[in-house]
There are 2 protein chains.
Amino acid sequence: MNEPSPPSESAGRRKAPDMYDVARLAGVSQKTVSRVVNNERYVSDASREKVMRAARELGFRPNTAARALTTGRFHRIGVVSLSTAGWGPASLLVALERGVREAGFSFSVAHTTEGRPQSMQEGIDRLLEQGVDGIILSEPIDEPQGRRFEADVPIVSLGYTDGLPPKSVVPTDAHVVADGREATDHLLDLGHAKVWHIAGPQNWWAARERLEGWRQAHLDRGIEPPPHIEGDWSPASGYEIGKQLAADPEVTAVFCTNDDTATGLILALTEAGLRVPEDVSVVGFDDIPAAAYLRPPLTTVRQTFEADANQAIAALLSRIAGAPDFDLEGSDGDGSDRPLIIRASTAPPWRHRGAPLPERRGAPIERTDS
Amino acid sequence: MNEPSPPSESAGRRKAPDMYDVARLAGVSQKTVSRVVNNERYVSDASREKVMRAARELGFRPNTAARALTTGRFHRIGVVSLSTAGWGPASLLVALERGVREAGFSFSVAHTTEGRPQSMQEGIDRLLEQGVDGIILSEPIDEPQGRRFEADVPIVSLGYTDGLPPKSVVPTDAHVVADGREATDHLLDLGHAKVWHIAGPQNWWAARERLEGWRQAHLDRGIEPPPHIEGDWSPASGYEIGKQLAADPEVTAVFCTNDDTATGLILALTEAGLRVPEDVSVVGFDDIPAAAYLRPPLTTVRQTFEADANQAIAALLSRIAGAPDFDLEGSDGDGSDRPLIIRASTAPPWRHRGAPLPERRGAPIERTDS
DNA sequence: GTTGAACCTGACTGCGCAGTCAGAAATTCG
DNA sequence: CGAATTTCTGACTGCGCAGTCAGGTTCAAC
């Protein structure tokens, strides 16, 4: 009601109210205001009520800088991410922000500079300069020369990275390899003799793991995998590599390191007169929203961004809280959620062109809905 | 060399060095250290050198909280974004981070909570609580009841939003309408009588503008536009709406509010036995990386994320610096960069099914490379 | 040599908050 | 009823830094 009109009403922007202002209005001490704001014990209901009313009336907002200064905690998590808008990295970022927010922390991002070595360390440095309690490395890529990351706060990496300080490292290790293996197994189970692989840049951890899963799937059956071909995640690279693969009659099945690459590949195959899946089966990775609506709808591996993000955050928070080495085992899923989404881009090998199309065309096709 | 071993070497984590530590080692006062760190004038080369050496030796990092406390500036820009990994929002976020970083500011993100009204204001509140010097609203959507956004720092919106404080508002207004118009004009110029429109959710500013451009393109020619259909940006909604459109023989051209929707649409048309572009032409929006590799390669409108982001940042920084109403006119491009990328999904109307395919199939097709 | 200006430096202070502690008031217990 | 305990409160302090100011030094100009 009676607005305590600020002393200098004439000035442009009046000073933000601090705890002393609230205390004065409420008739208590600054320390009591602090207690109320931080929900501490030992404040009478009467005082609490008065303070809250005064704070609301003044529009009081605690000053984070001052709080951080006295507590030494910033209440902020930093994330180093790649400067790409690709589905994978972007989804991870969204999941991380959500998890961090729900944990009550602020969220800072430092993107790496594209094509710049050591840019992960630079990202870490920028985060440290602005003040964070912990750092998450999303989509880690290798630093040159196996350099060690340096930081005086806990670091957690979503996926393995060499050179991490002792704290660190994360969950997802095992299952990404498993995912790559499952995709490959699916194709081998269909009867394909070998599965070709369009890999991602091998300085990315995720790309390496998928390749490793693909390799293992072959070796487990005593098959020598064909040489893999390295792309750059883009549809363009999938298209270019696809033109090569289309020329090789031995190629009947391809596992792509992501859905974008698969999109380019399919176009190249089609332009070469090959049919998917009748002549060549294709598996992607990511399950981007459009995957179910490509022609043909793409068999792919659905990523578990939410779960990965939450594991990373849990690990980081426990380290921030002081646990020297939080044990994460057991939380690693056993794969019961079946990340492989089988759609119409995979089928048994055909290998005789011109054969009549199978009836799949009008068959019901699973579309993702999550 | 002679490492000044910290007093309590036994303790786990030793206290981070402050300016007094550096000053002691360098043989100067704390204030001089402050001067060197902030690159102020009036420091002798000798002092500067000593301080820098000492700072490096101790691994000194200025404490942002203390600095923010004394200066009242956080050196941080906050962005409120949608919690989606879609190409558009994610690209904007990447561009914004880059621009903010280059301006020497830190970058905080607050995502909105999906499906929650008032979540933009909540995002703003979260940013204000953690301390930012200014806020950018990326991909603004309407708040319920035309509520005014409240903040005691400058806000800039990437696209118009009702209820913004006087400071605010941005650049892109004009050209997004123009983009929608250009896409539609392209189809009308090809000879289509009308262009159907799969719109985005109309509480999104971007979706409204594109629809408006589509509408204007019709009205300018004295054509009554057909009713638009509202999707939700997803391929799924494009597919569902596509099934309706496929049943209407009048439909020969569709402008989709984004490339994902177009992807779903094309599948629905294809499944209905229609050919793109022979029976129906399709234009998308965004120019996602896969757009050039769909079948057919998609005619679409390329977004100008970098430019938009930079304009928003420039506007925000100038307001932070004190300019009450920075005038942005003139910076609005005149369209000389031709955002419409014409590929193979658009052609003149055919309208007699079963006609021989035109020769486009093998024709060279532009692929984006930027 | 004197005057002034530019240059350089450090003591002191306050930013807004939470930690510490001493003490008052209310409650429980023997 | 007094003693021990719990609850409540505020004075005081320091976190690490940059702003202010006073003083000292150097240099050029008169």
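Just so it is clear: chains get the letters A, B, ... in the order the sequence lines come, proteins before strands, and each one is counted from 1.
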Would you find a donor on one side and an acceptor on the other, under 3.5 Å apart, between the side chain of [X] and the backbone of [Y]?
{"X": "B:Thr64", "Y": "A:Glu129", "value": "yes"}
{"X": "B:Ser29", "Y": "B:Thr32", "value": "yes"}
{"X": "B:Ser83", "Y": "B:Thr112", "value": "yes"}

Length of the line joining [X]:[atom1] and [N]:[atom2], which is rounded to integer Å:
{"X": "B:Asn38", "N": "D:dG16", "atom1": "CG", "atom2": "C1'", "answer": "12 Å"}
{"X": "A:Met19", "N": "D:dC12", "atom1": "CE", "atom2": "P", "answer": "19 Å"}
{"X": "B:Asn63", "N": "C:dC15", "atom1": "CG", "atom2": "C1'", "answer": "13 Å"}
{"X": "B:Asp18", "N": "D:dG14", "atom1": "CG", "atom2": "C1'", "answer": "12 Å"}
{"X": "B:Asn39", "N": "D:dC17", "atom1": "CG", "atom2": "P", "answer": "16 Å"}

| field | Shortest non-hydrogen separation from A:Ala85 to A:Ala90 and the atoms involved | value |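 A:Ala85 and A:Ala90 have their closest heavy atoms at O-CB, 4.1 Å.
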| request: Over all heavy atoms of both residues, which pair between A:Lys50 and A:Val28 is shortest? Give the atoms and the distance, please. | output: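 Looks like NZ-CG1, 4.2 Å.
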| task | Could you check A:Val28 against A:Tyr20 and say which one's nearest nucleotide on DNA chain D is further toward the 5' end? | result |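 Upstream on the strand: A:Val28.
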| field | Any B:Asp133 side-chain heavy atom under 4.5 Å of B:Val153 side chain | value |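 No. Closest side-chain heavy atoms not under 4.5 Å.
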| query | Does A:Gln30 make a side-chain donor-acceptor contact with the base of C:dA18, cut-off 3.5 Å? | reply |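 Answer yes: a donor N or O sits under 3.5 Å from an acceptor.
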| message | Using a strict heavy-atom distance below 4.0 Å, which residues from residues 40-52 of chain A are in contact with DNA chain D? | response |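 Here the set is A:Arg41, A:Tyr42, A:Val43, A:Ser44, A:Ser47.
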Could you go through nucleotides 20-29 of chain C and list every protein N or O atom that sits under 3.5 Å from one of its N or O atoms, giving the distance for each pair?
none

| request: Could I get the full list of ring-ring contact (aromatic ring centres under 6.0 Å, His included) partners for B:Phe107, not counting sequence neighbours? | output: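 Applying ring-ring contact (aromatic ring centres under 6.0 Å, His included) to B:Phe107 gives none.
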| query | How far does the helix from C:dG1-D:dC30 to C:dG30-D:dC1 bend, going by the axes of its first and last five pairs, to the nearest 10°? | reply |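 Rounded to the nearest 10 degrees, the bend comes out at 30°.
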Quick one: side chain to side chain contact (heavy atoms under 4.5 Å, CB included) partners of [X], sequence neighbours excluded?
{"X": "A:Ala65", "result": "A:Asn63, B:Ala68, B:Leu69, B:Phe74"}
{"X": "A:Ser108", "result": "A:Arg76, A:Leu127, A:Gln130, B:Arg76, B:Ser108"}
{"X": "B:Thr71", "result": "B:Arg67, B:Arg73"}
{"X": "B:Ala307", "result": "B:Thr304"}

| task | Provide the full list of salt bridge (Lys or Arg N to Asp or Glu O under 4.0 Å) pairs with a residue in residues 93-113 of chain B, sequence neighbours left out, each pair given once. | result |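 Non-adjacent pairs meeting salt bridge (Lys or Arg N to Asp or Glu O under 4.0 Å): A:Arg126-B:Glu97, B:Glu97-B:Arg101, B:Arg98-B:Glu102, B:Arg98-B:Glu306.
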| Pairs meeting criterion salt bridge (Lys or Arg N to Asp or Glu O under 4.0 Å) with involvement of residues 18-31 of chain A, two or more places apart |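 As it turns out, the salt bridge (Lys or Arg N to Asp or Glu O under 4.0 Å) pairs with a partner in residues 18-31 of chain A, which skip direct neighbours, are A:Lys15-A:Asp18, A:Lys15-A:Asp21, A:Asp21-A:Arg24.
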| query | Of all residues at least two apart in sequence or in a different chain, which pass the salt bridge (Lys or Arg N to Asp or Glu O under 4.0 Å) check with A:Arg53? | reply |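 Salt bridge (Lys or Arg N to Asp or Glu O under 4.0 Å) list for A:Arg53, sorted by chain: A:Glu49.
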| What is the nucleic acid contact for B:Val37, judged by heavy atoms within less than 4.0 Å: base, sugar-phosphate only, or nothing? |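 No contact at all - B:Val37 keeps every heavy atom at 4.0 Å or more from the nucleic acid.
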| field | Near-strand residues of residues 69-77 of chain A, defined as heavy-atom separation under 4.0 angstrom from DNA chain C | value |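 DNA chain C contact set from residues 69-77 of chain A: A:Leu69, A:Thr70, A:Thr71.
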| message | Does D:dC17 have OP1 or OP2 under 4.0 Å away from a side-chain N or O of B:Ser34? | response |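 B:Ser34 to D:dC17 OP1/OP2: no side-chain N or O under 4.0 Å.
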| request: Establish, with yes or no, whether the OP1 or OP2 oxygen of D:dG10 is under 4.0 angstrom from a side-chain nitrogen or oxygen of A:Thr32. | output: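 True: A:Thr32 side-chain N/O within range (under 4.0 Å) of D:dG10 OP1/OP2.
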